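Every chain is numbered from 1, with letters handed out A, B, ... down the list of sequences. These figures come from a predicted structure and were not determined experimentally.
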Number of protein chains: 2
Amino acid sequence: MKSLFQDLTSLLVQNNIRPSYQRIKILEYLHGHHIHPTADDIFNALISEIPTLSKSTVYNTLDLFISNNLARLLSIEDTEARYDIVMNNHGHFKCVSCGEIFNFDIDIENTVIKELDGFSIKDKNVYFKGICAKCLQANTHE
Amino acid sequence: MKSLFQDLTSLLVQNNIRPSYQRIKILEYLHGHHIHPTADDIFNALISEIPTLSKSTVYNTLDLFISNNLARLLSIEDTEARYDIVMNNHGHFKCVSCGEIFNFDIDIENTVIKELDGFSIKDKNVYFKGICAKCLQANTHE
DNA sequence: TAGTAAATTTATAATAAGTACAATGTTATT
DNA sequence: AATAACATTGTACTTATTATAAATTTACTA
């Protein structure tokens, strides 16, 4: 039985990406933490395991993953970019109170936009903002 | 017959915003230029008419408009924030080749997301990316 | 298997959008 | 007119991201 490490290595090789230790670890982190981390989150999570890790590597690797469709960039945040592994048909909700980002199912893939006829659509994102149920309840008790 | 300037002044007053010259001009620009400008675009467009204008004022004013739901922030761009007047039920398509941002009609207001039951949704954005028809044609002729 | 070329990582410096803040100017109120 | 509240401005600062070049690792070839 293959380990996750081996699976992720294969995934990189399949995409013609040389499976360096840093790349595997970053990919492993994305697969294990669907919390829409920032580049900084990823760096901080891995620095103890890879003491020589550089932020440049994190940025380079994320860009590489995005180019190869292994990761996705979320622009829901104004200040920092966030990253996620690629999953289809889901949107993101950001709670402006606690900052957490939630996934939700939405089928946008099959929606035909006639105004975009003749356009090549490569990426579809649905971003909602508001206040999550937990924060709404917390406010009620004030 | 009232002028646009007067109309926009009234709009600000209705929202309890003191109608300063800078605010009216920035609102006027947003109404007249649906090109999803950056703060810098707005600053550069108005600096000749308002030589004392400061970028701080542009940022402050845009924040104020957003708080009062007169403008909307687009996070489609990774590098710079873009702004638009508030219009319902439309998404944004960004051409990664020429950079232009297109509006398109999409009815997301009436979509019910059961996973977000109990959440207060304040803002819904649909962002697509890809290559516009014009750029696709241009590439064909290479 | 040593030597070389290519790819990758790293550290540092540079860039630039956005924010904080204090000073100045303007408007409203008494 | 005096004063308080509000708005604008300019400067300095913060910080995410990018650019670059050196160092390191890996792959390739003789």
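Here the C1' atom of nucleotide D:dG10 and the CD1 atom of B:Ile47 are 12 Å apart, to the nearest Å. If you take CZ of B:Arg18 and C1' of D:dA4, they are 11 Å apart, rounded to a whole angstrom. Taking atom CZ of B:Arg82 as the reference point, atom C1' of C:dA17 lies 13 Å away to the nearest angstrom. Between B:Ile17 atom CD1 and D:dA5 atom C1' there is a gap of 17 Å when expressed in whole angstrom units. Protein atom CG of B:Leu53 is 20 Å distant from nucleotide atom P of C:dT24, rounded to whole Å. If you take CG of B:Asp63 and P of C:dT19, they are 6 Å apart, rounded to a whole angstrom. Between the CG atom of B:Asp40 and the P atom of C:dT15 there is a distance of 17 Å, rounded to whole Å. Rounded to whole Å, the distance from NZ on A:Lys55 to C1' on D:dA16 is 8 Å.
How far CG of A:Leu27 is from CD1 of A:Ile24: 8.5 Å, rounded to the nearest 0.5 Å. For the atom pair A:Asp41 CG and A:Arg82 CZ, the distance stands at 6.0 Å (nearest 0.5 Å).
If you look at A:Phe119 and B:Phe102, their ring centroids are closer than 6.0 Å. When ring centroids are compared, B:Phe128 and B:Phe104 come within the 6.0 Å threshold.
Residue contacts for B:Ser56: at a heavy-atom cut-off of 4.0 Å it reaches a base atom on one of the strands shown. Nucleic acid contact class of B:Thr52 (heavy atoms, under 4.0 Å, all strands): sugar-phosphate only. Here B:Thr38 lies out of heavy-atom contact (under 4.0 Å) with every strand.
For the pair A:Gln22 and D:dT25, the criterion of a side-chain N or O lying under 4.0 Å from OP1 or OP2 is not met. Between C:dT10 and A:Thr57, a contact under 4.0 Å exists linking OP1 or OP2 to a side-chain N or O. Phosphate proximity of D:dT26 to A:Ser20: absent, as no side-chain N or O sits under 4.0 Å from OP1 or OP2.
Taking the side chain of A:Asn60 as heavy atoms from C-beta on, and the options C:dA17, C:dT10, C:dT27, the nearest nucleotide is C:dT10.
Nearer the 5' end of DNA chain D, as judged by each residue's closest nucleotide, is the contact made by B:Arg23, out of B:Pro51 and B:Arg23.
The existence of a salt bridge linking A:Lys55 and A:Asp40 is confirmed by a sub-4.0 Å separation between a basic side-chain nitrogen and an acidic carboxylate oxygen.
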